[in-house]
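For reference, the structure discussed in these notes is given below.
Numbers for residues simply follow the sequence, beginning at 1. All heavy atoms count here, side chains included; hydrogens, waters and symmetry mates do not.
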Amino acid sequence: MRALVTGITGFAGSHLAEYLISRGDVEVCGTFRVRSNMDLLKHLTDQIHLVECELRDPHSVHLMLKEIQPDLIFHLAAQSFVPTSWNSPSETLVNNLVCQIHILEAVRKLDLNCKIHIACSSEEYGLVYPHETPVKENNPLRPLNPYAVSKIAQDYLGFQYFQSYGIPIIRTRTFNHTGPGRGEYFVTSNFAKQIAQIERGLQPPKVLVGNLQAKRDFSDVRDIVKAYWLALEHGDAGEVYNLSSGTAYTIEQVLQTLLSFTDVKVAIEVDADRLRPSDVEILVGDSSAFRAKTGWAPQIPFATTMHDLLNYWRIV
Ligand code: GDD
């Protein structure tokens with residue numbers, strides 16, 4: 001069984017690589033770009049077949065897939081930070097959509113016999129009314145930022161290629177996930193890094209924050225990557241599944257949980273630059289369809305994830 005992971009040098013990609021290697025029954029391949037940061041993957045590189053490939057270039061993607069001939073593709077590569085999508089909407093939309101088109105077109109033209117997982121997002125639901133929570137897959141999609149629109153495009157493109165060409169594509173709408181290695185601009189990591197810096201005396205005892213009232217449904221990335229595997233193992237081709245814990249925490253609770261693991265006393269200050277033109281107020285998901293289909297359930301408690309994340313920043 002040969003699996004290809006796009007975005008393998010990234011946060012979820014590196015955890016997925018680790019999980020696939022730990023299984024012992026998967027040959028792991030991944031794409032990287034010349035400018036990719038390999039830090040998260042460096043302990044695994046001798047166990048992965050890494051191929052340089054610019055996913056925005058259709059010719060490179062075609063050649064790469066012709067060479068690798070994967071049985072499974074996990075398509076994780078994307079511009080995934082919401083604030084960047086406000087600053088660079090066209091870049092986010094073009095990048096996220098075009099890379100996927102190149103993969104699907106190459107699979108189609110090469111007539112590859114492979115299953116494809118597409119990492120979509122709970123951000124697609126966007127504006128969710130309180131009576132709609134926890135959201136199910138059939139909830140209306142009301143995106144509130146360009147990133148969310150790009151994920152809807154990826155999501156529906158996956159649906160369309162399944163319908164039009166019968167390519168076995170399974171989409172997951174993953175709710176927030178975090179853990180060691182999370183990029184420093186995402187909220188959990190950002191707060192954890194600030195606390196670790198304060199502990200070391202590298203930052204004054206003040207944590208800068210954005211909107212603390214937003215509610216999010218956090219899972220541990222190590223549980224999520226197992227779900228990605230199960231999606232291809234047991235999911236129905238053409239389907240879309242929510243991946244979520246089912247519990248919502250305010251961002252204030254995230255901060256307080258992290259602070260409960262430290263002795264430092266900090267002030268909390270709102271930084272206007274961290275506020276968004278429109279923020280998704282609440283995202284909490286119903287993943288019962290996926291759980292029933294695959295037997296998946298998150299194993300790692302929220303507090304453990306937060307503690308591991310803080311410890312990650314203490315030693316990085
Ligand atoms: N980044 C950041 N920094 N967010 C903050 C801060 C801060 O200092 N303070 C409050 N927030 C709030 C944001 O306004 C948002 O409501 C929430 O914290 C989470 O922000 P992010 O961690 O940046 O994640 P996200 O929810 O926008 O998107 C993440 O989850 C999606 C799944 O729902 C990303 O991982 C997406 O790629 C993913 O699809």
Side-chain angles (χ1 to χ4, degrees), residues 1-23 25-31 48 51 53 55 61 64-65 68-80 96-97 99-108 110 112-124 137 150-175 177 219-244 285 287 289-291 293-296 298:
M1 181 74 73
R2 184 176 299 157
L4 172 74
V5 181
T6 71
I8 198 166
T9 59
F11 168 58
S14 56
H15 279 282
L16 178 58
E18 195 158 350
Y19 172 69
L20 295 174
I21 290 167
S22 76
R23 292 185 56 85
D25 59 353
V26 182
E27 188 188 336
V28 184
C29 306
T31 59
I48 300 171
V51 184
C53 179
L55 298 176
V61 175
M64 178 272 293
L65 283 170
I68 294 184
Q69 302 267 329
D71 303 296
L72 308 173
I73 297 176
F74 296 92
H75 178 42
L76 307 185
Q79 192 304 94
S80 65
N96 292 359
L97 193 51
C99 294
Q100 186 173 314
I101 290 173
H102 294 161
I103 292 165
L104 297 181
E105 276 297 287
V107 166
R108 182 176 77 82
L110 291 164
L112 295 183
N113 183 18
C114 70
K115 286 189 188 177
I116 304 175
H117 164 251
I118 296 176
C120 303
S121 169
S122 57
E123 277 289 318
E124 293 172 46
E137 290 83 351
S150 80
K151 283 287 155 180
I152 291 175
Q154 284 191 245
D155 189 330
Y156 283 0
L157 196 72
F159 175 79
Q160 182 252 310
Y161 268 71
F162 169 72
Q163 292 294 332
S164 304
Y165 306 117
I167 298 173
I169 294 169
I170 292 112
R171 298 158 287 147
T172 56
R173 292 185 189 143
T174 309
F175 286 65
H177 46 293
S219 296
D220 192 294
V221 64
R222 295 161 285 195
D223 282 327
I224 292 297
V225 297
K226 287 181 195 161
Y228 289 167
W229 170 266
L230 289 171
L232 288 191
E233 195 173 40
H234 299 301
D236 286 334
E239 264 307 337
V240 64
Y241 298 101
N242 282 345
L243 296 182
S244 62
S287 52
F290 188 75
R291 293 176 191 228
K293 191 77 200 170
T294 67
W296 177 78

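Contact check for T294 versus E233: no side-chain heavy atoms found under the 4.5 Å cut-off. Under the 4.5 Å side-chain criterion, counting only non-hydrogen atoms from C-beta, P70 is in contact with L112. With a 4.5 Å cut-off on side-chain heavy atoms, L232 and F74 count as touching.
Taking all atoms of both residues into account, the shortest heavy-atom contact from E137 to N242 is OE2-N, 2.8 Å. Counting all heavy atoms, side chain and backbone alike, G7 lies closest to A77 at N-CB, 3.6 Å. Between C29 and I68, the closest heavy-atom pair is SG-CG2, 3.9 Å. Residues L243 and S287 come closest through the heavy atom pair CA-CB, 4.2 Å. Closest heavy-atom contact between A17 and I48: CB-CD1, 3.9 Å. Here the shortest heavy-atom pairing between G235 and I170 reads O-CD1, 4.0 Å.
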For this session: Any chance you could lay out the side chain to side chain contact (heavy atoms under 4.5 Å, CB included) test for V107 and Y165, step after step, and finish with the verdict?
Result: CA-CA 10 Å; V107 166; Y165 306 117; over 6 Å; no

For this session: Run the numbers on L4 and L65 for side chain to side chain contact (heavy atoms under 4.5 Å, CB included), then give the verdict.
Result: CA-CA 9 Å; L4 172 74; L65 283 170; 3.7 Å; yes

For this session: Evaluate the criterion side chain to side chain contact (heavy atoms under 4.5 Å, CB included) for residue pair I224 and W296; output intermediate values, then yes/no.
Result: CA-CA 9 Å; I224 292 297; W296 177 78; 4.3 Å; yes

For this session: Determine, stepwise, if the pair H117 / W229 fulfils side chain to side chain contact (heavy atoms under 4.5 Å, CB included).
Result: CA-CA 9 Å; H117 164 251; W229 170 266; over 6 Å; no

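Other residues, nucleotides and ligands contribute only 12 or fewer heavy atoms inside 6.0 Å of the CG atom of N113. Residue F159 qualifies as open at atom CZ: its count of foreign heavy atoms under 6.0 Å is 12 or below.
Here CD of Q79 is found 11.0 Å from SG of C99. Values are rounded to the nearest 0.5 Å. The NE2 atom of H177 sits 12.5 Å away from the OG atom of S244 when rounded to the nearest 0.5 Å. How far NE2 of H234 is from CG of D236: 11.5 Å, rounded to the nearest 0.5 Å. Interatomic distance, Q154 CD to E124 CD, rounded to the nearest 0.5 Å: 8.5 Å. Here the CD1 atom belonging to I73 is positioned 9.5 Å from the CD1 atom belonging to I118, to the nearest 0.5 angstrom. With values rounded to the nearest 0.5 angstrom, L72 atom CG is found 8.0 Å from C114 atom SG.
Ring centers of H15 and F11: under 6.0 Å apart, within the cut-off.
Remark: D155 pairs with R171, R173 by the salt bridge (charged side-chain N to carboxylate O under 4.0 Å, His left out) rule, at least two apart or across chains. Under the salt bridge (charged side-chain N to carboxylate O under 4.0 Å, His left out) criterion, R291 pairs with no residue at all, not counting sequence neighbours.
Within the 3.5 Å criterion, the main-chain N or O of L76 finds a donor-acceptor partner in the side chain of T6. A distance-only check finds no donor-acceptor pair linking the side chain of K151 to the backbone of S121 [under 3.5 Å].
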